[in-house]
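Accompanying notes for the structure given below.
All chains are named by letter (A, B, ...) in the order of the sequence lines, taking the proteins before the strands, and each is independently numbered beginning at 1.
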Protein chains: 2
Amino acid sequence: MVNISDVARAAGVSPSTVSRVLNQPDIVTPDKRDRVLAAIARLNYQPSTFARGLRRGTFETLALLVGDIAQPFHGRLAKAVELAAEEKGYSVLLCDLDHRQDRLVGFLRSLPKRGIDGILIATADNLDVPAVHEALTAFLAQDIAAVTTSQHLQSVPVPAVVVDRTAAAHDATRHLLDLGRWPVAFLGGGASAYSQRLADGYRAGCRDAGHRTQPRLMLDGGFQTEPAMRAVAALLAEGTIPEGIVAANVPMALGALRALAERDLDVPDDVAIIVCEDVPVAAYMRPSLTCVSTDLDAYGRRAVDTLLAAVAGHDVPRVTVLPHTLILRDSAPAAVPPPGS
Amino acid sequence: MVNISDVARAAGVSPSTVSRVLNQPDIVTPDKRDRVLAAIARLNYQPSTFARGLRRGTFETLALLVGDIAQPFHGRLAKAVELAAEEKGYSVLLCDLDHRQDRLVGFLRSLPKRGIDGILIATADNLDVPAVHEALTAFLAQDIAAVTTSQHLQSVPVPAVVVDRTAAAHDATRHLLDLGRWPVAFLGGGASAYSQRLADGYRAGCRDAGHRTQPRLMLDGGFQTEPAMRAVAALLAEGTIPEGIVAANVPMALGALRALAERDLDVPDDVAIIVCEDVPVAAYMRPSLTCVSTDLDAYGRRAVDTLLAAVAGHDVPRVTVLPHTLILRDSAPAAVPPPGS
DNA sequence: CTGAAAGCGCTTACAG
DNA sequence: CTGAAAGCGCTTACAG
């Protein structure tokens, strides 16, 4: 790579002047400025981000810690984040957690030495556990900005950019109940805070409609298709056929669809399904999936903007809530008679 | 962040000695070595990757240029790449091309200044076009290693780690023909080299079985669900009902499924579908999708290994071909009578 | 306005 | 074996 001295030599000035042309151009005589600019263009000079970063202490790089980039929601969000960051001149380091706590802790330990300016934590896994809390605290002590999506941390002061999951699940549940469906099962991901928040909304939705929730209707599908399928199959096998299912994510909704199909249950006629996230593929499945949807491009942009504001040392809101809307599709349309009628 | 001088002071040695403990430990007296190691542990010191990189000229960072991280195949491959790279101590910069040539060219121009050691180009978009060729040549001139997946470049000496797409499409086509299906349509992505390679395999498969391919059976679905749906719908509207469809990717297969459903055509009874890639979701759709599959973890690992070998200056094979297998699922099972029988 | 100098945090010949 | 010095490619007070 051509460096600043090459350019200086070519333009007949000192390296300092080349640097000034790049950073404070008005300080430089037009004559020299033009010569430098010409040399830069001719040699195709680009200042090394890291030599510059070493001096300035900022590398224009963010890290995205994602639960599982292979999941459609995360992939779609990662895309939005990358595009938004790139627009601001930042690069994005991809860190796939593979839903493993040891990986998260490892990244929190190793990322500071990589000179990143901030991290975005996008995982539904619970961060409010001692090991993560400790690693996160040590991380933040090094004055690197952090923002989470998908959860609002209790124990550590990290700003969150989130959808109100409780409200989303509440709306989803109400939609099924308004369709006259009951019982309605909840297909979540076990004890994670994220899943608990959805479960709260589900319970509230049931309560508001005068229904009593039952533990056996709270299914643990581990956020994955396969275990979700088994959880729904187990519910059916024990004799309960729910008239609706609120699924936390699309892969689990797929698992539910398969389990229902094996028992020849129709969606939405026998069982209506609604999902608490939206991804492109949801619109194209059969039946297409009714979802609580958020504009993921806006989500990614907002998360990046918040993180960059924090990087710049500005005060940022402790929590930013993005709007969500119900997208009606075939798995739980605007109106469909309950199976008994 | 604590730096090497802090450690040196704490251990009562010079920074040089600390550096040696890290890089050539046997050169250092055990006594001092232990003191330094203790100080490192106590202060939780980690040498800055970029200060080190500035000296050494290597930053232990790879860039992954991906056509669209939101597509399931790319997301799954990105995961494999990230895990493999991290295992070798490398970080991965995520660069989403959004299938736009200007973004690809922009990344090729801007990545060198970011001090990456190599790039992995994972896109089905055609790279053998003048603008990209020029940018790629300028990129390679800076002595940064590059590897492509998914295509073998004609014009530039970049090693490729690929599945033999022609053979894959050939096998896929033959499977449908062996089922007694004809006509069989090909659902590809227009003029891209990637799609052309698949089309070649499709044509060869037809030819081998004694069928004459017809241009109207070659559909352009642009690698996306929506246009694929329109392309299949158009074929049906014009009166042709294929007994089988070879789809280049899963999103297009979804589009085909929808178009067929709208005409009440059953899969696989009326129309069998086979896809030339495999992603987790394919197994869980209804009908589940028969696919030509490749172990994506092995794929990612192989791509990273090849790239790192190139970074290290070793000779690497111009092209590495990974094996593929047919995964039989419901959309084109082992045996199903043709619709006419 | 501009150049020479110092320094960001490392590594590695160079003396000793 | 070890420290002082130089240098990776920048930026920015500091003189002038």
| task | May I ask you to say what B:Phe59 touches in the nucleic acid, namely base, sugar-phosphate or nothing, with a heavy-atom cut-off under 4.0 Å? | result | nothing
| said: Return whichever of B:Leu54 or B:Ser16 has its heavy-atom-nearest nucleotide of DNA chain C closer to the 5' end. | reply: B:Leu54
| query | Pick from B:Arg103, B:Arg100, B:Arg114: which one makes a salt bridge (Lys or Arg N to Asp or Glu O under 4.0 Å) with A:Glu86? | reply | B:Arg103
| query | Counting heavy atoms not belonging to B:Arg52, are there more than 12 under 6.0 Å from its CZ? | reply | yes
| said: Looking at B:Asp31, I'd like to know if its CG atom is crowded, meaning that more than 12 non-hydrogen atoms belonging to other residues, nucleotides or ligands lie closer than 6.0 Å. | reply: yes
| task | Identify, between B:Pro15 and B:Arg56, the residue whose nearest nucleotide on DNA chain D lies closer to the 5' end. | result | B:Pro15
| Sugar-phosphate only, base, or nothing, as touched by B:Thr29 at under 4.0 Å among non-hydrogen atoms | sugar-phosphate
| message | Under 3.5 Å for both donor-acceptor distances, Watson-Crick or wobble: does D:dC1 have a partner, and if so which one? | response | C:dG16
| field | Mutual orientation of the aromatic rings belonging to B:Phe50 and A:Phe50 [parallel < 30°, tilted 30-60°, perpendicular > 60°] | value | parallel
| task | Describe the nucleic acid contact of B:Thr17 in one word from base, sugar-phosphate, nothing, applying a heavy-atom distance below 4.0 Å. | result | sugar-phosphate
| request: Can you measure from CZ (A:Phe139) to CG (A:Leu104) and round to the nearest 0.5 angstrom? | output: 10.0 Å
| request: Please find the earliest and latest nucleotides of DNA chain D, in the 5' to 3' direction, that have an atom within less than 4.0 Å of any heavy atom of chain B. | output: D:dC1 to D:dG9
| Exam field: side chain A:Asp117 to backbone A:Thr58, donor-acceptor pair closer than 3.5 Å | no
